[in-house]
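Below: the structure, in structure tokens.
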Amino acid sequence: MAKKVLVVAEVRDGELRNVSFEAIAAGKTIADGGEVVGVLLGDNVSSLAESLIHFGADRVVQVNDAQLKTYTTDAYQQALLQVFDIEDPEAIVLGHTAIGKDVAPRLAMKLNAGLISDAVSVEVEGGEAVFTRPIYSGKAFEKKKVKEGIIFATIRPNNIAALNQDANRTGDVATITAEIKDLRTTIRDVIRKATGGVDLSEANVVVAGGRGVKSQEGFGPLQELADLLGGAVGASRGACDAEYCDYGLQIGQTGKVVTPDLYFAIGISGAIQHLAGMSNSKVIVAINKDPEAPIFEMADYGIVGDLFEIVPILTEELKKS
Ligand code: FAD
């Protein structure tokens, strides 16, 4: 049955994150011939509306407000609830990102809706949207659908392919003025640690190191490999706990979830909590000196050997190609 679906886009540093386009693709499926409305929140985001339409939104509603420049739970919640009130959608989709994970459950509660979180795919069966989501740290998948009320879902980045961009698509862009008041938190300044440049959650190639990397300096060759492949460096919790790298790089159950096309697990044993964050990667390459390391059960390609010898050889060979 055709539905009206609201897709909340995600903006960072004035740019749309890829998950916004993936969420539109999910929205299209859920809409089942109905309308997909992109929702843009920010300080001055009008220039981004067109992209949402090019990637499949039928129209866009935006809220431009200085209080939405940087994400805060209160401001986003207030603005989105007012947009939902005006639009009265049958379904709402957000990315399963730090923002989505924070605001979606609160919104769902306010709307008295159930929340299907972290969906990796969605399809329509018998006229109903059916979502697939991982359970037991990615060991199994379950299918879920909403029986009554608003369909509310967050989608895992890098799993649902965005639609092809069509620069000829057109659609209305409307501005809503939301009343945002009594904020408990305001962001005065954002200070970011310098990172390799590629966003780990959205990277197509991830070069992850574990405790086997043995030091902060040991991550240098991994960064070189990542740079060469246009990817990002990640880490196991073992490496973060040993202070070889920042916790912002941690992948796994209590870290980031990544789904790149290519994942290197270097000096990582393959604990279940680590697998929870990367097992959906399309191709996994493991480098470990222990042939019994559990990561080899998950890997598509395994290299048994000393990472300090193998990574530089790999990098040199890739430089030639
Ligand atoms: P290790 O298990 O110590 O493995 C190091 C590997 O490096 C070994 O396999 C070894 O053979 C190999 N190695 C050593 N030297 C070399 C060399 N020179 N060349 C090649 N290989 C070498 N972990 C996560 O990663 N992410 C999480 O989000 C996470 N959440 C957790 C949540 C909970 C509640 C708990 C209890 C644990 C969590 N953990 C998480 C920790 C997890 O259980 C493991 O302890 C951790 O993943 C181990 O990290 P590691 O593989 O780097 O280290």
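For this chain, numbers begin at 1 and follow the sequence in order. Atoms considered below: every heavy atom in the structure, side chains included; atoms not considered: hydrogens, waters and symmetry mates. As the structure is a prediction and not an experimental result, all values here were calculated from the model. Read the numbers this way: they start at 1 and go in the same order the structure lists the ligands and their atoms.
Backbone and side-chain nitrogen or oxygen atoms of Ile251 are examined, and one is located within less than 3.5 angstrom of a nitrogen or oxygen of ligand 1. Between Gly210 and ligand 1, no pair of N/O atoms sits closer than 3.5 Å. At least one N or O atom of Gly267, backbone or side chain, sits closer than 3.5 Å to an N or O atom of ligand 1.
The single protein non-hydrogen atom nearest to atom 2 (O) of ligand 1 is Ser269 OG, 2.7 Å, given as residue, atom name and distance. Looking only at protein heavy atoms, the nearest one to atom 46 (C) of ligand 1 is Gly238 N, 4.0 Å. The protein non-hydrogen atom at the shortest distance from atom 14 (C) of ligand 1 is Gly212 CA, 3.4 Å. With hydrogens left out, the protein atom closest to atom 52 (O) of ligand 1 is Ser236 OG, 2.5 Å, a heavy atom. From the protein, the heavy atom lying nearest to atom 30 (N) of ligand 1 is Thr254 OG1, 2.6 Å. Looking from atom 43 (O) of ligand 1 to the surrounding protein, the closest heavy atom is Gln273 OE1, 2.8 Å. Residue, atom and distance of the protein heavy atom nearest to atom 17 (C) of ligand 1 are Leu307 CD2, 3.7 Å. For atom 8 (C) of ligand 1, the nearest protein heavy atom (residue, atom name, distance) is Asn288 ND2, 3.7 Å.
In the model, Gln250 has a side-chain atom that pairs as donor or acceptor with a side-chain atom of Thr254 under 3.5 Å. Looking only at atom types and distance, the side chain of Asp241 has a donor-acceptor partner in the side chain of Tyr247 under 3.5 Å away. One side chain, Gln62 or Thr175, offers a donor N or O that lies under 3.5 Å from an acceptor on the other. Counted by atom type alone, Thr259 and Asn280 present zero donor-acceptor pairs between their side chains at under 3.5 Å. Looking at Gln78 and Asp74, their side chains never bring a donor and an acceptor atom within 3.5 Å of each other.
Between His274 and Ile268 the shortest side-chain heavy-atom distance falls below 4.5 Å. Considering only heavy atoms from C-beta on, Leu229 comes within 4.5 Å of Leu318 through its side chain. Side-chain contact between Leu52 and Leu40 is present, with heavy atoms from C-beta onward closer than 4.5 Å. Residues Glu142 and Phe131 form no side-chain contact, since every pair of their non-hydrogen atoms from C-beta on lies 4.5 Å or further apart. Within the 4.5 Å cutoff, no side-chain heavy atoms of Ile284 are placed close to those of Phe264.
Remark: of the listed residues Leu94, Ile116, Val146, Leu94 is the sole one forming a side-chain contact (heavy atoms from CB on, under 4.5 Å) with Phe152.
The ligand atoms of ligand 1 that sit less than 4.0 angstrom from a heavy atom of Asp306 are 17 (C), 18 (N), 19 (N). Remark: ligand 1 atoms within the under-4.0 Å shell around heavy atoms of Phe308 are 18 (N). Close approach of ligand 1 to Gly252 is summarised as follows: ligand atoms under 4.0 Å from at least one heavy atom of the residue are 26 (N), 27 (C), 28 (O). Ligand-side atoms of ligand 1 in range of Gly305: 19 (N), 20 (C), range being under 4.0 angstrom from any heavy atom. Those atoms of ligand 1 with a heavy atom of Gly255 less than 4.0 angstrom away are 28 (O). Annotation for ligand 1: atoms under 4.0 Å from non-hydrogen atoms of Gln253 are 27 (C), 28 (O).
Heavy atoms of Cys240 come nearer than 4.0 angstrom to ligand 1 in no pair at all.
With Gln250, Lys289, Lys214, Glu292 as candidates, the residue nearest to atom 20 (C) of ligand 1 on a non-hydrogen basis is Lys289. Scanning His274, Arg237, Arg211 for the heavy atom closest to atom 45 (O) of ligand 1 points to Arg211.
From Ile187, atom CD1 reaches atom CG of Asp189 across 10.0 Å, with rounding to the nearest 0.5 Å.
Ring orientation note: the planes of Phe219 and Tyr244 are tilted relative to one another, at an angle of 30° to 60°.
Contacts with ligand 1 closer than 4.0 Å are made by side-chain heavy atoms of Ala271 only, the backbone lying farther away.
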